Amino acid sequence: MAERSFAREVQSLRLGDGEVFRGEGILAVTKALLQSGVAYVGGYQGAPISHLVDVLVDAQDLLDELGVHLETCTNEAAAAALLGASINYPIRGCVTWKSIVGTNVAADALSNLASPGVLGGALIVVGEDYGEGASIIQERAHAYALKSSVWLMDPRPSLPTIVDCVEKAFQLSEASSTPVMMELRIRACHVTGEFTARNNVAPPISRNHLLAEPAPHNYDRISHPPSTYLQEKLKFDVRLPAAHRFILEHALNELLPGERSDLGIIVQGGLTNVLVRGLERIGLGDLAGKPAVPALVLNVTHPLVPDQIVEFCAGKRAVLIVEEGSPDYIEQQVAAILRRRDVQTRLYGKDVLPMAGEYTAEVVTEGLLTFFAQTANDIDLSRPRQALEAARAHRARAQKILGPLPLRPPGFCVGCPERPVFGAIKLLEREVGKVHISSDIGCHSFATLAPFHLGNSILGYGMSLAAAGAVAPVMQRRTISVMGDGGFWHNGLLSGVSSALFNRGDRVLIVMQNGYTSATGAQYLPSSSGNRRDASSTSDIAATLKAMGVGWLRTIRTYSVGEMLKTLQEAMTTRFDGLKVIIADGECQLARQRRIRPQIAAALKRGERVVRTRYGVDDEICTGDHSCIRLSGCPSLTVKPSPDPLRTDPVAHVNNGCVGCGLCGEVAEAAVLCPSFYRAEIIQNATAWDRWLWRLRRTVIGWFQARPAAPASEPALHPAE
Ligand code: SF4
Ligand code: SF4
């Protein structure tokens, strides 16, 4: 189960020589892997690279034909370790994850991979989730490439370039015995375009062509002293020069010629489109990518090739480095290279562009204007400057007219099974007081936002229990850690549960068991009821916790707010001294709706009786105090004007998006709210019995509602009268 079907994309993966592939950048990478003779692929999901593995999961038949092994890893460390296959064997492999967080998790295996180096090409595709719209901390994967001596590619966001870079990445890796990391920004992953495909290549060593013997024992290939001392020397004495040669000989970096030979721009490949746009806006280039000023496009951002940098900069008065994010690794390296070779070209970069934040077209245009204003008096920048200022003034006017736009923070889906748990925690806090909540990565982190505002820290995926380790001992009240089942299997089981048990931690842990890694596109987990191969789950969270020695364990259906509240009260007050775990059980509503919608449609088509549950608010009873909204936050639970002219406050209203999860009824009861909520059943393909029952009910209700009707001529009462 993944958030979307890739049936069409799977067909594209079968395209052969000369056929045209059309689609997104990340799917082009997938095709390029198969064209490169990759023998194994693995990864851990996360935006913006989830689709790389998701589409291969759907392409199992093709992988079987080619003999390609696919490993859906339980975390990024496992994915990085998978590349260990390329240390001893000449087989090509690719793994993928979201960076920076995934690279952090993978760091140990990455170091141990980079030190001995590889025989077969090893490629790591990282989704560089940086800038506006990113969902994680803002750091650069570049740091890992530098510290571990892993080469870093940052291809220009165009499908032919991306595909070419994937194929060259394997060759570079083999030519220099070094793993290659390829960073793809959000926009590069989702850029659409086309390229001319080539036939897929079945790897010579694969699941279809097995090795008869393991590699001979070679201590030099083990990252263990004293081999590591030699390996470090090899990195810089042999592998680095080999990489320099390969980058130059295969023209991995691109030179865009321009007439102004006294100036130049060095740009990260991934930012080329933004640079092209900025130059076009100020009249120094066209949208086809022909700049008036020469540009060196770094499709490889580590290592830089000193000869190439010197050749590009020598003889120029000034060069601008367009490098997104901080620290300015490239700028510092270019400065060092030029200084060592005594090249006097003046460098610009973070002095005219911002130190941090996404380099949008506006940001880069502003930086270019500043750079050219300081370096080229002969270029008339007055018109582009005026155009930029006019656009900004226009935007400011629009903002003034519209007023401040409401924020649109992310939130739980309609009917999410995790929302009721936070409603219960809110109710708990009414009784026991404020509780320290240690939050985690996943949909449940939305509880840190309105209307719940529950959560004091997020320390990483599956780290919430560990993050409460030093808080719990200094708190009068027990702490609550919240973790998803994704986080539990990713890291929480060992870093959190095992450690808390080992240290006799007196803490409360809630594991949200919704069945999928929902936030990344509903991929299967070890405890999902089914995985990509068959319908059975491989692991059970409750059984695992019991086996580890958890002595206080409850499994509660999330929508049972009253029961959840009682269980939380017990967990917070019991004399049991140790870890208390509540498994909050409820299938991800988004996944559930995707699962049952086709089933319902098929049943309706067959003429079968289908019952849907909906909730509603009786607007004659609702007082408009909105307590229910503060305890729910469901987008379907909204407000509308009161029908009662004597009441000015809007009343609560359940709109058509309601999926009938039942929280509204549960929370109204558990919180002892007003009795405005009602539950309705919508019956399609009603039977004769349903119709008879409906007529009976309508008649009886009609009797109760019967009252003398006002004469038609009598005017209705109005408060103003
Ligand atoms: S994807 Fe699933 S778990 Fe996440 S907010 Fe939506 S319903 Fe809840
Ligand atoms: S019952 Fe309430 S919480 Fe559940 S989907 Fe409907 S409006 Fe949302």
Side-chain angles (χ1 to χ4, degrees), residues 1-4 45-47 50 135 409-424 426 439-452 461 482-488 510-525 527-528 557-561 564 584-597 612-619 622 626-640 651-671 673-674 676-682:
M1 147 79 73
E3 85 182 316
R4 55 180 264 207
Q45 57 273 3
S50 289
S135 59
F412 296 105
C413 301
V414 172
C416 173
E418 302 186 349
R419 179 183 291 113
V421 179
F422 295 102
K426 286 293 247 193
S439 307
D440 214 290
I441 306 288
C443 294
H444 43 86
S445 64
F446 298 150
T448 56
L449 302 164
F452 300 109
Y461 199 23
V482 182
M483 185 187 293
D485 41 8
F488 178 82
I510 299 173
V511 180
M512 299 284 192
Q513 181 172 264
N514 70 24
Y516 314 88
T517 46
S518 303
T520 55
Q523 290 84 7
Y524 285 123
L525 295 163
S527 51
S528 300
R557 184 179 165 270
T558 59
Y559 295 109
S560 307
V561 177
M564 182 63 75
D585 187 38
E587 185 182 4
C588 164
Q589 189 64 242
L590 198 63
R592 181 173 179 274
Q593 291 300 319
R594 286 187 188 123
R595 185 171 59 74
I596 64 172
R597 248 184 228 140
R612 282 188 296 129
T613 306
R614 284 276 312 277
Y615 280 75
V617 175
D618 187 335
D619 51 23
C622 176
H626 308 147
S627 306
C628 52
I629 292 175
R630 286 190 288 277
L631 285 169
S632 166
C634 178
S636 272
L637 181 56
T638 176
V639 290
K640 70 172 189 182
V651 292
H653 170 65
V654 176
N655 69 21
N656 277 338
C658 172
V659 294
C661 75
L663 172 61
C664 283
E666 288 280 342
V667 87
E669 196 180 313
L673 295 176
C674 67
S676 320
F677 286 93
Y678 64 81
R679 177 172 178 270
E681 286 187 342
I682 301 165

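Remember, it's 1-based here, ligands and their atoms both numbered in the order they're listed. All values reported here derive from a predicted model rather than from experimental measurement.
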**Asked** In chain order, what residues pass the salt bridge (charged side-chain N to carboxylate O under 4.0 Å, His left out) check against D619, with sequence neighbours excluded?
**Response** K640
**Item:** Spacing of L637 atom CG and L631 atom CG [to the nearest 0.5 Å]
**Value:** 10.0 Å
**Fill in**
Sorted by chain and residue number, the salt bridge (charged side-chain N to carboxylate O under 4.0 Å, His left out) partners of R612 (sequence neighbours excluded) come out as none
**Prompt:** Which pair of non-hydrogen atoms, one from C658 and one from R614, has the smallest distance, and what is that distance?
**Reply:** O-CD, 3.3 Å
**Prompt:** How far apart are the C-alpha atoms of D485 and Q513, what are their side-chain angles, what is the distance that settles it, and do they pass the side-chain hydrogen bond (donor to acceptor under 3.5 Å, both in side chains) test?
**Reply:** CA-CA 5 Å; D485 41 8; Q513 181 172 264; over 6 Å; no
**Asked** With a cut-off of 2.8 Å, which protein N/O/S atoms are close to atom 6 (Fe) of ligand 2, if we only count those under it?
**Response** C658 SG
**Request:** Considering non-hydrogen atoms only, spot the tightest contact between L449 and P410 and give its length.
**Result:** CD1-O, 3.3 Å
**Close side-chain approach of Q589 and C661, heavy atoms under 4.5 Å** = yes
**Complete:** Atoms listed for atom 6 (Fe) of ligand 1 (protein only, N, O or S, under 2.8 Å, no waters) are C413 SG
**Prompt:** Any luck finding a side-chain donor-acceptor pair between D618 and S676 under 3.5 Å?
**Reply:** no
**Request:** Could you tell me which atoms of ligand 1, counted from 1 in the order shown, lie closer than 4.0 angstrom to a heavy atom of N514?
**Result:** 3 (S)
**Prompt:** Parallel, tilted or perpendicular for F422 and F452, by the 30°/60° rule?
**Reply:** tilted
**Prompt:** Measuring from Y461:OH to S445:OG, what's the distance to the nearest 0.5 Å?
**Reply:** 10.5 Å
